[in-house]
Amino acid sequence: MASQVRVATEADLPRVVELLAQLSVDDPREQPGPPPPDVYAEAFRRMRADEEQRLLVLEADGRIVGSLVLLIIPNLTHQGRPYATVENVIVDESERGSGRGRQLMEHAIDEAKKAGCYKIALTSHRSRTEAHRFYEDLGFESTHEAYRINFSD
(Lines give C-alpha, C1' and ligand atoms only; values in the text may rest on other atoms or scores of the structure.)
Protein backbone atom coordinates (compact mmCIF):
# COMPACT_ATOMS: atom_id res chain seq x y z
CA MET A 1 0.00 0.00 0.00
CA ALA A 2 1.34 3.41 -0.97
CA SER A 3 1.91 5.84 1.85
CA GLN A 4 3.55 9.21 2.39
CA VAL A 5 4.34 11.58 5.24
CA ARG A 6 3.45 15.19 4.59
CA VAL A 7 2.68 18.43 6.38
CA ALA A 8 -0.97 18.58 7.39
CA THR A 9 -3.47 20.95 5.82
CA GLU A 10 -6.53 22.43 7.48
CA ALA A 11 -8.64 19.93 5.52
CA ASP A 12 -6.87 17.14 7.44
CA LEU A 13 -7.90 18.54 10.80
CA PRO A 14 -11.12 16.54 11.37
CA ARG A 15 -9.27 13.25 10.83
CA VAL A 16 -6.29 14.32 12.98
CA VAL A 17 -8.60 15.24 15.86
CA GLU A 18 -10.38 11.91 15.42
CA LEU A 19 -7.03 10.14 15.72
CA LEU A 20 -6.01 12.21 18.74
CA ALA A 21 -9.16 11.05 20.51
CA GLN A 22 -7.60 7.56 20.44
CA LEU A 23 -4.80 8.88 22.68
CA SER A 24 -7.20 9.76 25.45
CA VAL A 25 -9.64 6.84 25.57
CA ASP A 26 -9.28 6.45 29.35
CA ASP A 27 -9.58 10.21 29.91
CA PRO A 28 -11.58 11.63 26.99
CA ARG A 29 -10.45 15.17 26.30
CA GLU A 30 -10.82 15.58 22.54
CA GLN A 31 -14.07 16.46 20.80
CA PRO A 32 -13.74 15.15 17.26
CA GLY A 33 -17.09 16.40 16.03
CA PRO A 34 -18.26 16.33 13.29
CA PRO A 35 -17.28 19.01 12.59
CA PRO A 36 -14.57 19.54 15.19
CA PRO A 37 -15.00 22.65 17.35
CA ASP A 38 -13.39 25.89 16.15
CA VAL A 39 -10.71 25.71 18.87
CA TYR A 40 -8.89 23.08 16.81
CA ALA A 41 -8.83 25.25 13.68
CA GLU A 42 -7.52 28.20 15.69
CA ALA A 43 -4.78 26.08 17.29
CA PHE A 44 -3.87 24.67 13.86
CA ARG A 45 -3.55 28.17 12.37
CA ARG A 46 -1.23 29.19 15.23
CA MET A 47 0.86 26.06 14.71
CA ARG A 48 1.17 26.72 10.97
CA ALA A 49 2.32 30.30 11.68
CA ASP A 50 5.25 28.94 13.73
CA GLU A 51 8.02 27.89 11.34
CA GLU A 52 9.57 25.67 14.03
CA GLN A 53 6.44 23.55 14.42
CA ARG A 54 5.18 20.92 11.98
CA LEU A 55 2.01 18.87 12.19
CA LEU A 56 2.83 15.83 10.09
CA VAL A 57 0.37 13.25 8.83
CA LEU A 58 0.90 9.82 7.37
CA GLU A 59 -1.43 9.20 4.47
CA ALA A 60 -1.95 5.66 3.19
CA ASP A 61 -4.10 4.99 0.16
CA GLY A 62 -5.75 8.40 0.48
CA ARG A 63 -6.57 8.06 4.20
CA ILE A 64 -4.73 9.67 7.11
CA VAL A 65 -3.64 6.87 9.43
CA GLY A 66 -1.14 8.67 11.65
CA SER A 67 0.00 12.01 12.93
CA LEU A 68 2.59 13.71 15.12
CA VAL A 69 3.86 17.17 15.95
CA LEU A 70 7.55 17.91 15.41
CA LEU A 71 9.00 20.96 17.13
CA ILE A 72 12.45 22.33 16.34
CA ILE A 73 13.55 24.36 19.35
CA PRO A 74 16.29 27.00 19.21
CA ASN A 75 18.88 26.43 21.91
CA LEU A 76 21.93 28.03 23.50
CA THR A 77 23.68 24.86 24.65
CA HIS A 78 25.50 22.49 22.33
CA GLN A 79 27.03 25.52 20.62
CA GLY A 80 23.66 26.88 19.63
CA ARG A 81 22.40 23.73 17.95
CA PRO A 82 18.62 23.27 18.15
CA TYR A 83 16.89 20.19 19.49
CA ALA A 84 13.68 18.52 18.43
CA THR A 85 10.79 17.16 20.38
CA VAL A 86 7.94 15.01 19.18
CA GLU A 87 4.44 15.26 20.62
CA ASN A 88 1.05 13.64 20.11
CA VAL A 89 2.27 10.61 18.17
CA ILE A 90 -0.72 8.56 17.06
CA VAL A 91 -1.29 5.79 14.56
CA ASP A 92 -4.80 4.51 13.99
CA GLU A 93 -5.53 1.45 16.11
CA SER A 94 -6.26 -0.56 12.96
CA GLU A 95 -2.79 0.24 11.55
CA ARG A 96 -0.63 -0.43 14.61
CA GLY A 97 2.04 -3.03 13.97
CA SER A 98 1.95 -2.38 10.21
CA GLY A 99 5.15 -0.31 10.04
CA ARG A 100 3.23 2.94 9.54
CA GLY A 101 4.35 4.36 12.90
CA ARG A 102 7.96 3.56 12.06
CA GLN A 103 7.63 5.41 8.75
CA LEU A 104 6.14 8.44 10.50
CA MET A 105 8.76 8.52 13.26
CA GLU A 106 11.68 7.94 10.89
CA HIS A 107 10.48 10.91 8.86
CA ALA A 108 10.45 13.09 11.99
CA ILE A 109 13.94 11.86 12.95
CA ASP A 110 15.23 12.69 9.46
CA GLU A 111 13.67 16.17 9.61
CA ALA A 112 15.34 16.81 12.97
CA LYS A 113 18.71 15.75 11.56
CA LYS A 114 18.25 18.01 8.52
CA ALA A 115 17.48 20.91 10.88
CA GLY A 116 20.85 20.35 12.59
CA CYS A 117 19.36 19.19 15.87
CA TYR A 118 21.68 17.58 18.38
CA LYS A 119 18.87 15.38 19.75
CA ILE A 120 15.24 14.41 19.35
CA ALA A 121 13.18 13.66 22.43
CA LEU A 122 9.66 12.68 23.38
CA THR A 123 7.63 11.78 26.42
CA SER A 124 5.28 8.87 26.74
CA HIS A 125 2.94 8.01 29.56
CA ARG A 126 4.40 5.29 31.78
CA SER A 127 1.37 3.06 31.11
CA ARG A 128 2.09 2.85 27.37
CA THR A 129 4.51 -0.07 27.53
CA GLU A 130 3.93 -1.13 23.91
CA ALA A 131 4.75 2.40 22.76
CA HIS A 132 7.91 2.33 24.87
CA ARG A 133 9.09 -0.84 23.12
CA PHE A 134 8.34 0.80 19.78
CA TYR A 135 10.37 3.92 20.65
CA GLU A 136 13.26 1.83 21.97
CA ASP A 137 13.26 -0.18 18.74
CA LEU A 138 13.69 3.13 16.90
CA GLY A 139 16.75 3.92 19.02
CA PHE A 140 15.23 6.10 21.75
CA GLU A 141 16.57 5.60 25.26
CA SER A 142 14.88 6.32 28.56
CA THR A 143 17.35 8.78 30.09
CA HIS A 144 15.40 11.13 32.37
CA GLU A 145 12.45 11.37 34.68
CA ALA A 146 9.77 13.72 33.39
CA TYR A 147 7.85 16.13 35.58
CA ARG A 148 4.96 18.41 34.81
CA ILE A 149 2.16 20.43 36.29
CA ASN A 150 -1.28 20.03 34.71
CA PHE A 151 -3.42 23.15 34.78
CA SER A 152 -7.15 22.62 35.14
CA ASP A 153 -9.53 23.90 32.50
Closest heavy-atom contact between [X] and [Y]?
| X | Y | result |
| --- | --- | --- |
| Arg48 | Ala8 | NH1-O, 2.8 Å |
| Ala112 | Ile72 | CA-CD1, 4.2 Å |
| Val57 | Leu104 | C-CD1, 4.4 Å |
| Ala108 | Leu70 | O-CD2, 3.9 Å |
| Gly66 | Leu19 | N-CD1, 3.8 Å |

Please check if [X] and [Y] belong to a single hydrophobic cluster, counting links between Ile, Leu, Val, Met, Phe, Trp and Tyr side chain heavy atoms closer than 4.5 Å.
| X | Y | answer |
| --- | --- | --- |
| Met47 | Val39 | yes |
| Val7 | Val5 | yes |
| Leu56 | Val89 | yes |
| Val65 | Met105 | yes |
| Leu122 | Ile73 | no |

Would you mind reporting whether [Y] and [X] have side-chain heavy atoms less than 4.5 Å apart?
| X | Y | value |
| --- | --- | --- |
| Val16 | Phe44 | no |
| Thr85 | Glu87 | yes |
| Arg96 | Ile90 | yes |
| Leu71 | Glu52 | no |
| Pro82 | Pro74 | no |

With a sphere of 6.0 Å drawn around [atom1] of [X], does it hold more than 12 non-hydrogen atoms of other residues, nucleotides or ligands?
| X | atom1 | value |
| --- | --- | --- |
| Glu51 | CD | no |
| Arg126 | CZ | no |
| Asp50 | CG | yes |

(request) Could you give me the CA-CA distance, side-chain angles and deciding distance for Val69 and Gln53, then say whether side chain to side chain contact (heavy atoms under 4.5 Å, CB included) is met? (result) CA-CA 7 Å; Val69 174; Gln53 204 170 155; 4.1 Å; yes

Can you tell me if [X] uses its side chain to pair, donor with acceptor, with the backbone of [Y] under 3.5 Å?
| X | Y | answer |
| --- | --- | --- |
| His125 | Ser127 | yes |
| Gln22 | Glu93 | yes |
| Asn75 | Arg81 | yes |

Looking at [atom1] of [X] and [atom2] of [Y], how far apart are the two atoms once the value is rounded to the nearest 0.5 Å?
| X | Y | atom1 | atom2 | result |
| --- | --- | --- | --- | --- |
| Arg6 | Asp12 | CZ | CG | 4.0 Å |
| Glu106 | Glu111 | CD | CD | 13.0 Å |
| Leu68 | Asn88 | CG | CG | 9.0 Å |
| Tyr135 | Glu130 | OH | CD | 12.0 Å |

(message) One thing to verify: whether Arg133 and Glu136 come together as a salt bridge, which I'm taking to mean a side-chain N less than 4.0 angstrom from a carboxylate O.
(response)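 Here Glu136 does not pair with Arg133 in a salt bridge, since their nearest N and O are not under 4.0 Å apart.
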
(message) What I want to find out is whether Asp92 reaches Arg15 closely enough, with some N-O distance under 4.0 Å, to be called a salt bridge.
(response)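 Salt bridge flag = yes for Arg15 with Asp92.
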
(request) Compute whether any side-chain donor of one residue and acceptor of the other, for Ser3 and Gln103, lie under 3.5 angstrom apart. (result) yes

(request) Examine the side chains of Ser124 and His132 and answer whether a donor and an acceptor come within less than 3.5 Å of each other. (result)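 There is such a pair between these side chains.
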
(message) Let's go through Ile64 and Leu58 carefully: what are the C-alpha distance in whole Å and the side-chain angles of both, what is the deciding distance for side chain to side chain contact (heavy atoms under 4.5 Å, CB included) to 0.1 Å, and is it a yes or a no?
(response) CA-CA 6 Å; Ile64 294 172; Leu58 174 63; over 6 Å; no

(request) Let me see the working for Arg45 and Glu10 under side chain to side chain contact (heavy atoms under 4.5 Å, CB included), right down to the final yes or no. (result) CA-CA 8 Å; Arg45 284 190 283 277; Glu10 195 159 343; 3.0 Å; yes

(message) Is the ring pair Tyr83/Tyr118 parallel, tilted or perpendicular, if the boundaries are 30 and 60 degrees?
(response) perpendicular

(request) Would you please test Phe134 and Arg102 for side chain to side chain contact (heavy atoms under 4.5 Å, CB included) and show each step? (result) CA-CA 8 Å; Phe134 168 70; Arg102 175 172 289 280; 4.3 Å; yes

